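Following: one structure in structure tokens, then a few remarks.
Lettering of chains follows the sequences in order, A, B, ..., and the numbering in each one begins at 1. Keep in mind it's a predicted model, so treat the numbers as computed, not measured.
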Amino acid sequence: MMVSMTSSRWIHAALSAMLIAALGACRDPAELSGAVSAVLVVVDVDADQVVDVDIADLALRARPKSGDNLVSFNLALPAGTHIGSVVVSDVDDEEERARDCGTVTIVVPEARPDGPVLSAVVADELGECPELEDDRDETDETDEVDEVDEVDSDR
Amino acid sequence: VVLSLVPLRVGLLLALLSAGASRASSTSVPPTGSATAPSARVIVVVGHNGGAPDLRPPLRYADDDAARLYLQLAPGSARAFLLTTFDAESARLYPDLVDVARPPTTTSLAGALGEAFWHLREEKDRGKSTELVFAFAGHGDVDDSGRGFVVLSDGPFFRHDLQTQVVRGSPADLNHILVDACASYYFVKSRGGSDDGVALTPQLLDVLTADAQAAPSAADQARTGVLVSTSSAQETHESAALSAGVFSYLLRSALAGAGDINGDGRVEYAEAAAFVASASQGLDDPRARLRVHAEAPLQRPHAPLLSLKDSGAKSFLAVEPGRPTRLRLKDSRGLPLVEVHSDGAKPVYIALSGQPFFLVERGDEEAILVPRSAGAFALSALSFAKAPTARGDDSRGAFAPLFARPFSRAFVDGYLLQAELPPLHANTSADVAFAPEWAVSFAPKSAIPIGVVGGVFAGGAGLVGAGAAVAVVMNQLAFSTLEQGFLQTGQLDPAQSLEVEGWRNAATGLTVGAVGLALLGGSLIAWSFSLEDGALVLP
């Protein structure tokens, strides 16, 4: 009887460990959403445009969803002030042309009782990308797309 | 070295003989008569305890043995004769037979045989096959000229008389001669100082053995079988605990069905002789050992001494296979009737007849069996209860080791090799197996194999656990894709998130299921160890 009791405990422990291990091995989307400290929303983005955000060590790129004119970025930023760049580019037949460029400053406090910090940028209020003006001139004149790619690449 | 080689050589010889026997059995034809109409049987049972003027100390149970064999064989016979004089005790036990029994005299026997032969001829005229069963229980001895005889109340009945009056005179197609003789007189004389006696061997009463005065003809030999047992002294011939002569008790058990080792419902000479040998093989006292001689009719070596189907019995106790079972049946008076020690390889059917109810003893528990309806009564369907008093074998004295070992096919095959009896038919397929219908409400109880169910649950737990592992892997892959997209776009793809969640939920559910099944299966397996045969018998 003692043996069976001991065995029973071992079996119970082994099965419990199996349950815990299986649950622990599983991943949850909340692991990603829970780390988000700031949300950057870029509005007035056309359907044929793509938005690139470069802030801290993050380089993100997204398009507006169908029917939307905005793009939101969930950013896992540490506490502090972060200055990054926002570039809105036109996409046409796989060709991209940087159109609106600007900077964005996001301040992430140590404590965020209300959740992630929300920042919004209006695409139309961003300045035109300097390189883009040159490119546009050249494009208008020469219609050479490769140079735009180079500018974009340089950027 | 020589000693060690002997068993090897014997083993080789047995192996060769066994191979030959296997070939013989594999080429033999099915038993005739198993599917044909039953033979018309006439039985003549003689039992004589002895007593004055005979000098031999009287036996106690020869009359009882004759009565019980008569009750066992009469229901399946066309005509039955009982020749015995009951002592006072037996007359109380068998009041219905007192008026039936004729005196065990040579004259009365001649009359009974005359009637028996007349009946047999009548049956033959009707076109039936016929059989005569002649059985004797009582004293036997050897006269000064070396002639074996059995003792009737008015004098000796010699083997010569058996040959001429019974075997040769019988018109039956088959004769069965069963003799249970106690040769106490010779040993009494020996103790008295005379050493000129000759021990009575079974062969001295074998009607088929050549006799100077009346050698049996080849035709008589061909249609006659003998089963003879002799014992050396009264104290080892009878058992008060059995209320019977030991050989008669064993023979009765064999004929009741316990000897039917191949399950065809027919107890042949070979089976009966092997049963007696098996049941008595544990006897340590050399005086208690039975000397049995069996010869089956040459014409019909597989002729049954008794066919359960034609025995007249309507009810049977079914000892189910699966495990060795040892039990004893007592009659309504509490007297031992039949004993069985099955090895569990095949079902054993014990004919129940001649008694209003039976007491079934198994170990230290017992059950009452009232055969109210025809059919088989499963042993597992009986309601056993602890016996109020111990039912041990101590009271058997020298015969306590009887039935110590189970009766098995392996023993029978080995016994038949050295007994020079024909091997049993290998044909024991379902079409010839004896299997009466179950009696109403006495079919075997349903049983849930808890161990097997536990094993199934445990196996299911393994499968579900494997499913859980797959779900975990899929969750990891889906999360990896989600994370990659998140790091590139800063957005959580809802569809991908749902997939991750789905696999996670599946893994959780399957793991919980696997753990639950494993716990349940393990518990059932553990429980099964405490159950008989690992099964839960339903009420």
Side-chain angles (χ1 to χ4, degrees), chain A residues 1 3-5 7-42 50-65 68 70-77 84 86 106 116 119, chain B residues 454 458 461-462 464-523 525-530:
Chain A
M1 183 59 80
V3 173
S4 65
M5 286 286 288
S7 303
S8 167
R9 282 179 191 154
W10 276 109
I11 291 169
H12 189 261
L15 293 174
S16 301
M18 179 180 158
L19 181 60
I20 292 167
L23 294 179
C26 282
R27 307 300 298 269
D28 189 347
E31 291 176 38
L32 300 176
S33 60
V36 173
S37 57
V39 176
L40 173 63
V41 180
V42 182
V50 64
V51 181
D52 289 280
V53 173
D54 195 346
I55 187 168
D57 293 330
L58 301 174
L60 309 173
R61 178 182 179 87
R63 287 184 168 201
K65 290 176 189 148
D68 280 349
L70 59 83
V71 178
S72 66
F73 296 93
N74 299 295
L75 307 173
L77 298 173
V86 178
I106 298 174
S119 300
Chain B
V464 175
V470 169
V472 168
V473 171
M474 294 305 293
N475 165 268
Q476 293 279 358
L477 292 174
F479 183 84
S480 181
T481 305
L482 179 70
E483 187 178 33
Q484 196 176 354
F486 179 76
L487 291 176
Q488 286 177 352
T489 65
Q491 296 176 340
L492 282 174
D493 183 357
Q496 193 65 27
S497 296
L498 280 176
E499 188 179 338
V500 173
E501 277 292 335
W503 284 119
R504 184 169 178 270
N505 291 337
T508 305
L510 289 171
T511 304
V512 169
V515 170
L517 285 172
L519 282 173
L520 186 58
S523 303
I525 290 170
W527 183 25
S528 72
F529 287 124
S530 65

For [X] and [Y], which heavy atoms make the closest approach, and how far apart are they?
{"X": "A/Pro29", "Y": "B/Leu492", "result": "O-CD1, 4.3 Å"}
{"X": "B/Glu501", "Y": "A/Asp28", "result": "OE2-OD1, 2.8 Å"}
{"X": "B/Thr489", "Y": "A/Phe73", "result": "O-CD2, 3.2 Å"}
{"X": "A/Cys26", "Y": "B/Ala507", "result": "SG-CB, 3.5 Å"}

Under 4.5 Å from any heavy atom of chain B - which part of [X]:
{"X": "A/Ala21", "value": "neither"}
{"X": "A/Leu32", "value": "both"}
{"X": "A/Val51", "value": "neither"}

Next item on the list: Flag the pair B/Gln491 / A/Leu60 as yes when at least one side-chain heavy-atom distance between them is below 4.5 Å, and no otherwise.
Entry: no
Item checked: Which atoms of B/Leu498 approach chain A - backbone, side chain, both or neither, heavy atom under 4.5 Å -> neither
Next item on the list: Measure B/Ala478 against the heavy atoms of chain A and call it side chain, backbone, both or neither at under 4.5 Å.
Entry: neither
Next item on the list: Name all residues meeting the side chain to side chain contact (heavy atoms under 4.5 Å, CB included) criterion together with A/Arg27; count only those two or more places apart in sequence or in a different chain, and write none if there are none.
Entry: A/Glu31, B/Asn475, B/Gln476, B/Phe479
Next item on the list: Sort out for me which of B/Val512, B/Val473, B/Val515 touches chain A most, counting heavy-atom pairs under 4.5 Å.
Entry: B/Val515
Note to self: Tell me which of these, A/Ala25, A/Ser16, A/Ala62, has more heavy-atom pairs under 4.5 Å with chain B than the rest.
What the structure shows: A/Ala25
